[in-house]
Protein chains: 2
Amino acid sequence: MARKQRPENGAVVDDAAADVSIGDVAARADVSVATVSRVLNGHANVRPATRERVLAAIAASGYRVNELARNLRTAESRLLLTMVPDFGNPFYAEIVRGIDSVARQHDYFTLLCDTGADPGRERNYFDLLRRRRADGAICLDPATAQRAFAEESGALPWISCCEFDPEIGVPYVGIDNRRAAGDAVRHLIARGRRRVALINSDTTYLYARQREQGYLDALVEAGIAPNARLQAEVGGLEYDAGARAACALMQSSEPPDAIFAVSDTLAIGVIAGLRACGKRVPDDVAIVGFDDISLAAQIDPPLTTVAQPMRELGETAARLLLTRLANAGKAVPGVLLPHRLVVRRSA
Amino acid sequence: MARKQRPENGAVVDDAAADVSIGDVAARADVSVATVSRVLNGHANVRPATRERVLAAIAASGYRVNELARNLRTAESRLLLTMVPDFGNPFYAEIVRGIDSVARQHDYFTLLCDTGADPGRERNYFDLLRRRRADGAICLDPATAQRAFAEESGALPWISCCEFDPEIGVPYVGIDNRRAAGDAVRHLIARGRRRVALINSDTTYLYARQREQGYLDALVEAGIAPNARLQAEVGGLEYDAGARAACALMQSSEPPDAIFAVSDTLAIGVIAGLRACGKRVPDDVAIVGFDDISLAAQIDPPLTTVAQPMRELGETAARLLLTRLANAGKAVPGVLLPHRLVVRRSA
DNA sequence: ATGAAAGCGCTAACAT
DNA sequence: ATGTTAGCGCTTTCAT
C-alpha cells in the first residue's frame with residue numbers, strides 16, 4: 001500500500017518508494033523496463049532524451065533499486081566476509097578499517113564476524129559463502145583453524161590476513177613475524193639486557209610460534225642460552241592476561257630484566273602488572289610490544305614496539321580477494337609487508 | 001559446470017554444491033521443489049519417510065540454500081545496519097558486540113558502517129534500507145545528523161542508541177547523561193576540588209551538551225561559579241586530543257585542580273598530557289572519565305569513571321529494532337539504562 | 001501429505 | 001536505440 005512521505009511538506013514524493021518497482025518507473029517514463037535498467041546501470045545505448053525522461057520518472061517516484069532482486073539476478077551478494085578473532089582489539093580494528101575502505105571503493109560491503117577464534121563458529125561463517133550470503137572472505141583466525149578450512153573449503157574464494165601458513169595454499173598477506181620478533185629482542189639485548197622474557201599468546205596461532213622463533217634466534221645470536229622459565233604463554237591478548245603473566249614472572253628467583261610481549265595489549269597489561277608489584281619500567285624491566293596500536297604512544301612510559309602496517313595489511317587483503325573474485329581461475333600471490341621497530345621509552 | 005570437492009579424498013560429495021539447486025535435490029529425492037522447501041524450512045506437513053529422503057538427497061548433493069533467492073522471495077535481507085561514528089573506539093566496539101550477539105540469536109547479521117560522523121556518508125548508509133540491502137538500522141551518530149534523517153526517513157525502521165533526542169520520535173536506548181556527568185563532578189567536588197575543568201567533545205553530539213549540563217549542575221549545586229576558561233571543547237575522542245587539551249588547560253594562569261573528560265579515551269589522553277607537563281595525577285590534578293572501557297583499569301593511575309552498560313545498550317538497541325521489525329505498526333518505547341560511578345585512583 | 005505453478009524485481013540475451 | 005522475454009532459485013498459495 002502506498003503512503004505519502006512527509007505529507008505535510010511541500011517536497012513530497014508522490015509514491016512510497018517502498019512500493020515502486022522498475023516496472024512502475026518504466027510505465028511512468030513510457031519506456032520498457034530494459035531501458036530503465038540500462039540507465040540504472042549506466043549503459044551507453046540510451047538516447048539522452050530518453051535517459052532524462054527515465055531519470056525524471058525515478059526522481060518523481062522516489063524509486064530505489066531493490067538490491068535483493070539485483071543480487072539474485074547477478075548472482076552476487078556484494079558482501080565480503082571478514083572473520084576476526086576479536087574485533088574489540090584495536091589491532092584488528094585498524095585492519096578491518098583497511099579492508100572496509102577498499103571494499104567500499106569497489107561497491108562491496110563488509111560482513112564483520114567476531115569468531116572468538118572458535119573453530120565451530122568459524123566453520124559456520126564459512127558456510128555463508130556456500131549459501132551465497134557473501135562473495136568472498138578474509139580470515140584472520142588461527143592458522144590451525146585455517147588449515148581445517150583449507151581442506152574442506154579450498155575452492156572457496158578466501159584470503160588469509162596477518163595469520164597465514166604459506167603451505168595451505170591460500171593467498172595471504174602478512175609480515176615476517178620471525179624476523180620482526182628477532183628485531184625486537186635484538187634491541188633489548190643491544191640495550192644491555194640479558195635476562196629477556198617472552199610473553200606469548202595462544203600458540204595455535206602460527207604468528208605466536210614464529211615470534212617465539214625470532215625471540216630464540218636473537219638470544220642464540222647473542223650467545224644467551226634460552227631459559228624455559230623465562231617464557232610464558234597466556235591464553236589471549238587481554239590487558240590483564242599480560243598483567244598477571246608479568247607478576248608471575250617477577251616472583252621467580254631470577255626475574256627477567258626485560259620482557260618481549262607478542263602484542264601491545266599484552267605489553268600494556270605487563271606495564272600495569274609491573275607497576276602493581278612495584279617495578280619500574282624501563283629501569284628494572286624493559287618492555288617491547290608488538291603492533292604499534294595508537295594507544296602505545298599514550299601510556300606511561302610510551303611503549304617501544306614493532307609497528308605493523310595494519311591499514312595496508314587490511315587494504316592488501318581486500319585487494320587480493322577482489323582480484324581473486326574478478327579472475328576466478330588465476331592464482332593470487334602471497335605478499336609480505338615491511339615492519340618497523342619504533343623505539344620509545346619503555347625499552 | 002560441476003566439479004568434485006577434494007577429489008583425492010574418500011568423503012567426496014558428488015556434485016559441486018555451487019551448482020546444486022533446490023530442483024536438483026527435488027529430482028534426486030523424487031519429490032517436488034515445494035516439498036524440499038518444506039523440509040528446508042521445518043514445516044510440519046511432511047511425512048517422516050519423505051523428510052528422510054529429502055534430507056538424504058541434500059546431504060548427498062552437498063546442497064546449500066541460495067539465500068539470494070530466498071531473500072528476494074521473502075523480501076528481507078536479514079541484515080541489520082549499524083552506524084557508528086568510529087568503531088575503533090573501544091566504547092563503540094563493545095556496543096557493537098551487544099548488537100551483534102542478539103542479532104545473531106535471531107538469525108540476522110550485522111552490517112557495520114563506520115560513518116566517521118560524516119552526515120554525507122550517513123545519508124548514503126540510510127539509503128541501504130530503501131534499497132532493501134538491510135531490514136533495519138541502529139544509529140549511534142550525532143543527534144544533529146539523526147534529526148536530519150528523522151525528517152526524511154521517519155517511516156524507516158531504525159533506532160537510536162546512546163546518542164538520542166527523545167524529541168525526534170525515534171525509539172532509543174541510552175543513559176541519563178546529564179545526571180551521570182553530574183555524579184562525576186560531584187565526586188570531584190566531594191574530594192575537595194574547586195577548580196574543576198571540563199574537556200568536552202564535539203557538541204553536535206547531544207550527549208556532549210547533556211554532560212556539560214550535568215557538569216554545570218554540580219558546580220552550581222556546590223556554589224561554585226562556572227568559569228568559561230575551564231571548559232575546553234575538542235573535535236573528537238582520540239587520545240591525543242585529550243593530551244593536547246590538558247596541556248593547554250595547564251598553561252592558564254589559574255589551572256584546574258581536577259578535570260572531567262566526557263570519555264575515557266579523552267581522559268587517558270589527558271593523563272598522558274599531564275604527565276608530559278610534569279603534573280601528578282591525582283595529587284596535582286584529579287581526573288574522572290566516562291564509559292569505563294576495559295583499558296580504564298589498566299592505566300596509571302587507574303581511571304575513576306562513569307560506567308555505561310555498553311553491552312546491554314547494544315543488546316537493547318537490537319531487541320528494540322527487532323520488535324519494531326516484527327510488529328511494523330506498534331510503537332516502541334524509549335529506554336534509559338542505569339550508569340554507575342567507578343572510583344579508582346585517578347580521583 | 002504432496003504437487004503445480006505463480007511470482008518476488010531485476011538483468012541480459014535476443015529481437016527489431 | 002529500444003522492446004520482449006526468459007529466467008535467477010526460492011517460497012507459497014491453491015489444488016488434489
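Salt-bridge annotation for B:D86 and A:R97: present, with a side-chain N of the basic residue lying under 4.0 Å from a carboxylate O of the acidic one. B:R78 and B:D107 are not joined by a salt bridge, as no carboxylate oxygen comes within less than 4.0 angstrom of a charged side-chain nitrogen. Salt-bridge check for B:D24 with B:R28: failed, with every basic side-chain N at 4.0 Å or more from each acidic carboxylate O. The pair B:R104-B:D100 counts as a salt bridge, with a side-chain nitrogen and a carboxylate oxygen less than 4.0 angstrom apart.
For C:dG3, the OP1/OP2 oxygens have a side-chain nitrogen or oxygen of B:T35 closer than 4.0 Å. Dashed line: the shortest gap from a side-chain N or O of A:R47 to OP1 or OP2 of D:dT2 is under 4.0 Å.
Spacing between atom CZ of B:R132 and atom P of C:dG9 amounts to 8 Å, rounded to whole angstrom units. Computed from coordinates, the A:E52 CD to D:dT2 C1' distance equals 17 Å when rounded to whole Å. Residue A:D30 contributes atom CG, which lies 19 Å from atom P of D:dA1 at whole-angstrom precision. Rounded to whole angstrom, the span from the CG atom of A:L68 across to the P atom of C:dG7 amounts to 19 Å.
Considering all non-hydrogen atoms of both residues, A:A137 and A:M83 come closest at CB-CE, 4.2 Å.
For residues 154-163 of chain B, the pairs satisfying side chain to side chain donor-acceptor pair (under 3.5 Å) are B:Q146-B:S160, with sequence neighbours left out.
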Seminar exercise, completed: Protein-proximity profile, nucleotides 10-16 of chain C, B/S/- by nucleotide at the 4.0 Å heavy-atom cutoff, equals BBBB---
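Between B:V31 and B:L72, it is B:V31 whose nearest contact on DNA chain C lies nearer the 5' terminus.
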